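As structure tokens, the structure follows; a few thoughts come after it.
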Amino acid sequence: MIKKRTLSRIISVMIIAVILFQISCKPETPTDLTKENVIPKPLTVAATGDYFCLGKKASIYIQEETDELKSIAEYLAGRLRPATGFPLEIKAVSGTPGKGNIYLTLSGADASLGDEGYSLTITKKLVTIAANKSAGLFNGIQTLRQLLPANIEMSSVQDLDWHIPGGTITDYPAYNYRGVMLDVTRHFFTVEEVKRVIDLVSVYKINHLHLHLSDDQGWRVEIKSWPNLALYGGKTEVGGGVGGSYTQEQYGELVKYADAHFVTIVPEIDMPGHTNAALASYPDLNISGKATELYTGTEVGFSTLATKKEITYKFVEDVFRELASMTSGPYLHIGGDESHVTKKEDYIPFVERVQDIVIKLGKTPIGWDEISLGKLRPGSVAQYWSSAENANKAVSQGAKLLMSPASRAYIDMKYDSTTAIGYTWAGLIEVDKAYNWDPATLEPGIGRENIIGIEAALWTETITNMEEIEFLTFPRLPGLAEVGWSHSSLRNWDEYKIRLGNHAKRFNALEINYYPSKLVPWVE
Ligand code: ACM
């Protein structure tokens with residue numbers, strides 16, 4: 001039997017322990033959720049002044065034990081475990097979980113949040129993310145990561161209090177398509193490098209990764225019915241390096257990884273121009289019937305498939321059939337840009353027939369804005385990069401646009417004249433220029449209703465490694481992600497640059513090699 005006095009001592013010690021824990025986790029300054037530096041800027045934020053403290057006993061609760069919820073909870077735990085060192089067990093619960101936990105639920109969210117929206121409620125007792133679909137939970141998790149101290153992104157245990165300001169965030173995107181394009185042809189990037197790109201861009205709620213898989217300098221994905229494309233056409237890259245290509249197994253692994261991050265891969269086979277790697281691999285695809293040499297330079301516009309030969313359409317069908325079978329998303333990108341040596345009268349029937357091939361495979365064609373010179377099939381999407389006239393032609397045919405205006409969204413452009421890598425043909429793109437535009441008012445005749453979203457494009461003629469990818473991508477990409485996610489009335493450069501400056505600590509914790517633009521008040 002425990003004596004009464006002993007019992008009351010135990011209780012007192014427990015009470016003191018609880019109080020100490022609360023005090024020890026108390027933030028130095030009062031919290032204000034509305035002053036947090038979330039990128040992209042959420043739609044509505046209401047603060048309570050309270051805070052939640054993530055402690056070592058916290059669990060991640062899910063409303064039921066489905067694979068979908070378990071895997072998203074595992075993803076969250078995987079983000080939080082390294083820096084906290086907490087076990088963060090995943091448990092199913094019926095009803096509301098007890099104090100000190102995180103709760104992910106697919107019930108109770110407002111229908112107006114759509115598929116990607118979420119509500120994030122932080123009280124002293126509980127952090128709740130509610131959404132209609134798991135994509136919404138994933139987006140809520142990205143916001144939650146940004147509300148924790150920046151060291152949450154470190155890969156080793158940090159001795160810190162993990163508090164989160166109290167209140168409610170309700171958020172959904174302005175545009176459904178928020179993408180980044182990575183050119184893996186001019187220089188090849190490995191599966192691990194592409195996975196890191198997915199990790200880093202998904203922090204900012206980017207939900208499409210367009211892979212530019214074929215060009216004059218290289219063919220980067222195995223096609224079993226045309227094996228030389230990868231075996232021979234993938235052998236080199238700009239500058240004469242060894243190049244490379246993904247086996248179908250590796251490509252499948254990338255698709256799976258992207259899917260787990262709610263990123264849809266959009267594979268591009270550029271045609272009828274930008275095809276030298278294919279033309280070097282198979283003589284029959286050439287007008288002359290003779291194979292070309294592999295190409296390691298950076299000129300554009302000199303190659304074309306033989307658009308009048310039936311074998312070319314067999315090639316297109318085979319390639320897209322194999323790619324479609326590895327593609328979980330709706331889109332296949334058909335390229336179509338800068339086909340300067342394809343006669344217009346050959347180009348038009350070609351892009352029309354290629355769209356039909358893609359549609360027959362159950363997929364939706366996307367092509368660069370030039371494809372609007374032909375008849376766009378219902379549902380086809382034109383990607384505006386350079387010609388407003390072409391973009392308007394697409395709109396007048398009733399097609400939707402993906403907005404990648406080179407002067408804003410081509411993140412292979414230099415920041416300023418001193419930037420060591422990158423191009424300048426579309427102008428210098430400082431961080432403010434990439435941010436300060438509205439897709440819906442950029443071009444006369446192109447409105448909100450014509451646009452599915454935006455895509456940043458990273459061409460890699462001048463980029464040879466991950467550090468360089470990161471340098472040109474960060475910090476422009478978070479701004480472009482905000483252009484796509486946040487409603488334009490909420491966006492303002494002077495306010496954004498403060499939020500961005502506060503992301504330096506996160507970039508450092510994630511070991512991102514970012515460009516420290518002088519326009520941004522960095523807080524390290
Ligand atoms: C492009 O930049 N040629 C689409």
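In listed order, ligands and their atoms are each counted from 1. Keep in mind that this is a model prediction, so the values were computed, not measured.
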Nearest non-hydrogen protein atom, atom 2 (O) of ligand 1: Y410 OH, 2.6 Å
N or O contact, D337 vs ligand 1, cut-off under 3.5 Å: yes
Structural part of Q383 in contact with ligand 1, heavy atom criterion under 4.0 angstrom: neither
Any donor-acceptor N or O pair under 3.5 Å, side chains Y118, D171: yes
Residues D416 and T418: side-chain donor-acceptor under 3.5 angstrom: yes
Ligand-residue contact atoms, ligand 1 with W459, heavy atoms, under 4.0 Å: 1 (C), 2 (O), 4 (C)
W368 N/O under 3.5 Å from ligand 1 N/O: no
Residue that, paired with Y514, satisfies ring pair (Phe, Tyr, Trp, His ring centres under 6.0 Å) out of F474, F507, Y415: F507
Donor-acceptor pair between E524 and N508 side chains, under 3.5 angstrom: yes
K41 atom NZ, over 12 foreign heavy atoms within 6.0 Å: yes
